[in-house]
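Report on the following structure.
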Amino acid sequence: GKGEYRHFMLKEIFEQPSVIGDTLNSFINPATREITLPADLVEMVAKASRLTLVACGTAFYACHVAKYWFEQIARIPVEIDVASEFRYREAPMPEGGVALFVSQSGETLDTLEALRYCKRQGQKIVSIVNTIESTIERESDMVLHTLAGPEIGVASTKAFTTQLTTLACLVLAAAAKKGAIDAKTVGAMSDSLRQLPSLVNSVLQDTAVTIEKLSREIAEARDVLYLGRGAMYPIALEGALKLKEISYIHAEGYAAGEMKHGPIALIDDKVPVVVLAPHDKLFEKTASNVQETIARGGQVLLFTDRDGLTQLGRGCRWSVRMPVSDAFVAPILYVIPVQLLAYHVAVAKGTDVDQPRNLAKSVTVE
Ligand code: M6R
């Protein structure tokens, strides 16, 4: 049941520290810090001439974050696509390629058909699924399980963060196997992963009240934009998807640098602009996009850490302070407040949070 929580979605958001921890412990030995992913899987991924990551919806955004990680950290070329496009694209696939499918249910039809296509193209098939003994699992060469437990809310939350956790472990293991990063870096990155449960917990504790308050104002908006750069870009897309799914407010995610190529024309003082901007290598770039938005009357809701706030907090309508973290794990932290934002906006609007109109938990038809 929902226990003390008003909705399954809220319960599932608050379960994230523990299910991320369970998932981590299944891939990294908590005592020895050793990565315990199957050696044959890690070797296959490390040697892949190319990885093709395919999924739908939120699971696709997990693939999108993983593309940044696999390319930057493990130096493996990655292609990503949504399954409904990929399956009909007739893409040529490289010899020695590995195709990876991400699905909470393991039953999404488009994802399954994309998997079958890749199999016919001679790719090795890996899947990351949450439900045990699904069709996608059965048809894969190898499988990794996210330990999110049953997810009831139609809006995916804990499945997403455990997918990211699983992908992050795989990236780290593949990078170590390839020698793309040295042992010291591997150790530091695995320490960052192991701090996730407590960091996610502190984000939940420290931001929930502020977000609930400001969400009453966001609930008045007709349109909301979400901006991010690098691995924060897919988190912006995920934030926008969460908001439209459950609050029915029109929302769009954009790469921050794309603003001046069109979307900035939408900005006026009625459009909240949610900006995900940890103080990292890309911060200055995003900051200048934020300044352009503010200059046009845009009402910015900034999610950033201490240094980001010092630099950019003043011009923003709202801001939420995030903990300082390693850039590697930041996407897993920054999705938490956008889940909370969507949740509280939906509650303020009085929609059916757990079962939004027109949507099904598992999409087994085309
Ligand atoms: O079961 P799957 O992970 O394959 O489902 C994929 C999407 O249908 C799913 O993530 C959907 O986008 C969610 N409702 C998003 O919150």
Side-chain angles (χ1 to χ4, degrees), residues 7-13 15-16 19 23 53-66 80-87 99-116 118 125-140 143-167 226 234-249 251-253 331 335-336 338-343 345-346 351-366:
H7 295 100
F8 280 107
M9 183 182 176
L10 190 63
K11 173 173 178 259
E12 289 162 1
I13 288 174
E15 275 171 1
Q16 291 177 111
V19 294
T23 303
L53 272 49
V54 179
C56 298
T58 288
F60 171 70
Y61 296 140
C63 297
H64 197 166
V65 171
I80 55 170
D81 205 353
V82 291
S84 57
E85 284 301 312
F86 181 84
R87 64 177 287 202
L100 198 152
F101 302 86
V102 179
S103 175
Q104 188 286 127
S105 62
E107 300 296 344
T108 301
L109 184 70
D110 281 327
T111 306
L112 178 61
E113 289 300 337
L115 180 158
R116 289 174 174 158
C118 291
I125 309 294
V126 181
S127 61
I128 296 179
V129 293
N130 192 48
T131 308
I132 319 284
E133 289 178 356
S134 63
T135 312
I136 287 177
E137 168 164 2
R138 260 197 318 276
E139 298 198 16
S140 300
V143 62
L144 296 174
H145 287 117
T146 50
L147 301 183
E151 191 181 61
I152 309 295
V154 165
S156 184
T157 54
K158 61 176 181 167
F160 181 66
T161 47
T162 55
Q163 285 159 357
L164 287 178
T165 301
T166 303
L167 286 160
Y226 286 73
I235 301 303
L237 296 171
E238 167 64 2
L241 176 64
K242 282 299 81 105
L243 189 73
K244 58 191 137 186
E245 256 189 313
I246 60 171
S247 78
Y248 316 145
I249 293 175
E252 296 294 336
V335 75
I336 307 293
V338 297
Q339 295 170 343
L340 285 169
L341 180 65
Y343 174 77
V345 170
T351 58
D352 187 344
V353 171
D354 285 333
Q355 293 217 286
R357 68 187 183 198
N358 310 341
L359 290 171
K361 181 65 187 161
S362 165
V363 183
T364 52
V365 292
E366 240 186 293

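Ligands are counted one by one from 1 in listed order, and the atoms in each one are counted from 1 as well. Residue numbers run from 1 in the order of the sequence given. All values reported here derive from a predicted model rather than from experimental measurement.
A distance-only check finds no donor-acceptor pair linking the side chain of Tyr343 to the backbone of Ile13 [under 3.5 Å]. At least one donor-acceptor pair under 3.5 Å links the side chain of Thr351 to the backbone N or O of Ile246. Glu151 contributes a side-chain N or O that, together with a main-chain N or O of Ala159, makes up a donor-acceptor pair within less than 3.5 Å. Lys158 places a side-chain N or O within donor-acceptor distance of the main-chain N or O of Ala148, the cut-off being under 3.5 Å. When atom types are taken as modelled, the side chain of Glu137 and the backbone of Gly106 share no donor-acceptor pair closer than 3.5 angstrom.
The protein atom (non-hydrogen) at minimum distance from atom 8 (O) of ligand 1 is Val363 CG2, 4.2 Å. Closest to atom 4 (O) of ligand 1, if we only count protein heavy atoms, is Thr108 OG1, 2.5 Å. Annotation: atom 3 (O) of ligand 1 to nearest protein heavy atom, Gln104 N, 2.6 Å. Of all protein heavy atoms, the one closest to atom 10 (O) of ligand 1 is Thr58 N, 3.2 Å. Protein heavy atom closest to atom 6 (C) of ligand 1, with residue, atom name and distance, is Cys56 O, 3.4 Å.
Within the 4.5 Å cutoff, the side chain of Ile235 has heavy atoms near those of the Phe160 side chain. Leu243 places a side-chain heavy atom less than 4.5 Å from the side chain of Tyr226.
Across Leu100, Val102, Val126, Ile128, a single residue satisfies side-chain contact (heavy atoms from CB on, under 4.5 Å) together with Leu53, and that is Leu100. Tested against Glu113 for a side-chain contact (heavy atoms from CB on, under 4.5 Å), the candidates Leu109, Leu115, Asp110 yield a single pass: Leu109.
Ligand 1 places these atoms under 4.0 Å from at least one heavy atom of Gly57: 12 (O). Set against the non-hydrogen atoms of Glu245, the atoms of ligand 1 under 4.0 Å away are 13 (C), 14 (N), 15 (C), 16 (O). Using a 4.0 Å cut-off to heavy atoms of Ser105, the atoms of ligand 1 that qualify are 1 (O), 2 (P), 4 (O). Close approach of ligand 1 to Ala59 is summarised as follows: ligand atoms under 4.0 Å from at least one heavy atom of the residue are 3 (O), 10 (O). Within ligand 1, counting atoms from 1 as listed, the ones closer than 4.0 Å to a heavy atom of Ser156 are 15 (C), 16 (O).
Contacts between Lys242 and ligand 1, counted as non-hydrogen atom pairs separated by less than 4.0 Å, involve the side chain only.
Residue contact annotation: Ala155 has a non-hydrogen atom under 4.0 Å from ligand 1. At least one heavy atom of Val154 lies less than 4.0 angstrom from ligand 1.
Considering backbone and side-chain atoms together, Ser103 places an N or O closer than 3.5 Å to an N or O of ligand 1.
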